[in-house]
Number of protein chains: 2
Amino acid sequence: MKLNEAKEKFIQTWGSLATSWGINRTMAMVHALLLVSENPLSTDEIMEALVISRGNANMNVRELMDWGIVKKELKMGERKEYFVADKDIWNVFKQIVKERRKRELEPLVSSLEELRQIDDKTADSKEFLKLIDNLSGVTSKANVLLDLAIKSDENWLMNKLLKLL
Amino acid sequence: MKLNEAKEKFIQTWGSLATSWGINRTMAMVHALLLVSENPLSTDEIMEALVISRGNANMNVRELMDWGIVKKELKMGERKEYFVADKDIWNVFKQIVKERRKRELEPLVSSLEELRQIDDKTADSKEFLKLIDNLSGVTSKANVLLDLAIKSDENWLMNKLLKLL
DNA sequence: ATAAACTTTCATTTTTTTTTGAAAATACAA
DNA sequence: TTGTATTTTCAAAAAAAAATGAAAGTTTAT
């Protein structure tokens with residue numbers, strides 16, 4: 001297999017995996033493209049490489065920057081903006097975990113708290129509250145696991161975990 | 001807030017959360033409905049409660065069974081099928097993690113292995129291989145974390161992790 | 001100020017995903 | 001077997017999500 005073939009395959013793989021995780025296919029492809037590029041790419045280069053429109057390229061690059069895994073880079077003497085992906089994959093992983101937690105786990109936690117406010121005390125209600133409590137429990141356990149993944153140093157974490165198993 | 005109101009809110013919340021995780025909204029709503037129901041529900045009851053078609057109800061219940069978080073239940077003397085959700089949320093969590101790993105992480109691992117088969121040895125190629133290796137590394141670390149979540153008993157896990165932090 | 005280079009927005013179009021519902025298949029009873 | 005209850009399938013319709021591209025906005029140079 002040739003390098004460019006492999007790179008293209010990687011971009012496709014990344015793209016289709018993303019869809020199963022509720023992430024826009026193109027956004028993942030832009031990310032993959034930047035990951036396999038030696039040099040920072042301009043919007044025009046992204047458009048050309050992935051055959052997408054300017055609007056699409058712009059939106060997705062911007063969103064990748066929102067996620068904190070792509071950075072803008074300016075070249076001296078040039079007006080155009082260039083983009084680079086964070087190549088430290090462990091870092092990318094942590095960043096994504098952190099963001100998703102903020103965007104999804106936190107809203108869930110407050111929803112569950114709201115749902116606890118039911119004012120009757122029938123057996124059904126107690127059953128329902130038990131369910132909500134169990135959900136809260138699992139949520140906070142997931143939180144601990146994620147904290148572990150995020151806050152700790154990569155090697156330290158792995159050593160400890162491997163010892164545990 | 002009344003109980004039924006809370007239940008409905010829960011079903012909606014669960015549904016909209018699911019979409020950010022690449023899970024069909026209706027499937028999540030059926031799951032939530034079964035979670036908050038005291039009794040097993042028939043397809044007709046699900047259709048009525050969520051205002052969805054028979055085909056849709058059937059497909060999603062079937063998929064929930066594929067995920068291993070909903071079970072069929074037969075009532076004696078009745079031909080109709082009834083469905084119950086596993087109410088042990090920690091179990092549900094583990095089951096979903098297990099399934100997603102099988103469906104998504106394993107294919108990723110083999111994709112990455114394929115991508116390692118590039119036959120030139122330029123500096124660019126080496127760079128690319130480094131990226132693939134880093135991805136493999138993070139993947140297997142995620143695997144260890146997930147194993148930890150799945151294989152261990154709930155309380156044991158939490159004790160250990162809390163001690164670590 | 002004017003213009004050129006570039007980025008962002010967003011109404012419209014296209015694509016993808018989900019839902020419907022009627023027909024086909026299946027299971028059971030008489 | 002024949003009929004009835006129930007589940008499953010799947011082509012077509014509807015809904016949702018994503019992409020386009022031209023116009024508007026911004027920034028910098030002259």
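Residue numbers start from 1 in every chain, and the chains themselves are labelled A, B, ... in the order their sequence lines are given, proteins ahead of strands. Computed from a predicted model, the values in this text were never measured in an experiment.
- A donor and an acceptor atom never sit less than 3.5 Å apart when one is taken from the side chain of B/R79 and the other from the base of C/dA29.
- Of the candidate nucleotides C/dT19, C/dT7, D/dA19, D/dA19 has the atom lying nearest to any side-chain atom of A/S53.
- Atom CG in A/L50 sits about 15 Å away from atom C1' in D/dT20, given to the nearest Å.
- Within the structure, a side-chain polar atom (N or O) of A/N24 is placed less than 4.0 Å from OP1 or OP2 of D/dA19.
- A donor atom on one side chain and an acceptor atom on the other are found under 3.5 Å apart for A/R116 and A/S136.
- Nucleotide D/dT6 holds its C1' atom 11 Å from the CZ atom of B/F83, rounded to whole Å.
- One finds a salt bridge joining B/E99 and B/R103 here, because a Lys/Arg side-chain nitrogen approaches an Asp/Glu carboxylate oxygen to under 4.0 Å.
- Here the C1' atom of nucleotide D/dT27 and the NZ atom of A/K80 are 15 Å apart, to the nearest Å.
- Salt-bridge annotation for B/E104 and B/R100: present, with a side-chain N of the basic residue lying under 4.0 Å from a carboxylate O of the acidic one.
- Note on B/N58: a base of the nucleic acid sits closer than 4.0 angstrom, heavy atoms only.
- In this structure, A/R25 forms no cation-pi arrangement with A/W14, as its terminal cationic atom is not both closer than 6.0 Å to the ring centre and no more than 45° off the ring axis.
- Atoms CD (A/E45) and P (C/dT7) sit 11 Å apart, rounded to a whole Å.
- Mapping A/E81 and B/M27 onto DNA chain C via the closest heavy atom, the residue that lands nearer the 5' end is A/E81.
- Checking D/dT6, D/dT9, C/dT7 against the side-chain heavy atoms of B/R62 singles out D/dT9 as nearest.
- B/K75 is not listed as a side-chain neighbour of B/K80, based on a closest heavy-atom distance of 4.5 Å or more.
- Relative to the side chain of B/T26, the nucleotides C/dA29, C/dT18, C/dT8 differ in distance, and C/dT18 lies closest.
- Contacts of A/R54 with the nucleic acid, taken as non-hydrogen atoms under 4.0 Å apart, include base atoms.
- For A/N56, the side-chain atoms get nearest to D/dA19 when compared with the rest of D/dA19, C/dT19, D/dT6.
- Both B/G55 and A/G55 lie near DNA chain D, and the one whose nearest nucleotide falls closer to the 5' end is B/G55.
- The separation between B/L74 atom CG and D/dA5 atom P is 18 Å, rounded to whole Å.
- Between the CD1 atom of A/I46 and the P atom of D/dA19 there is a distance of 14 Å, rounded to whole Å.
- If you take CE of B/M59 and P of C/dT19, they are 9 Å apart, rounded to a whole angstrom.
- A/M47 has its CE atom 11 Å from the P atom of D/dA22, to the nearest Å.
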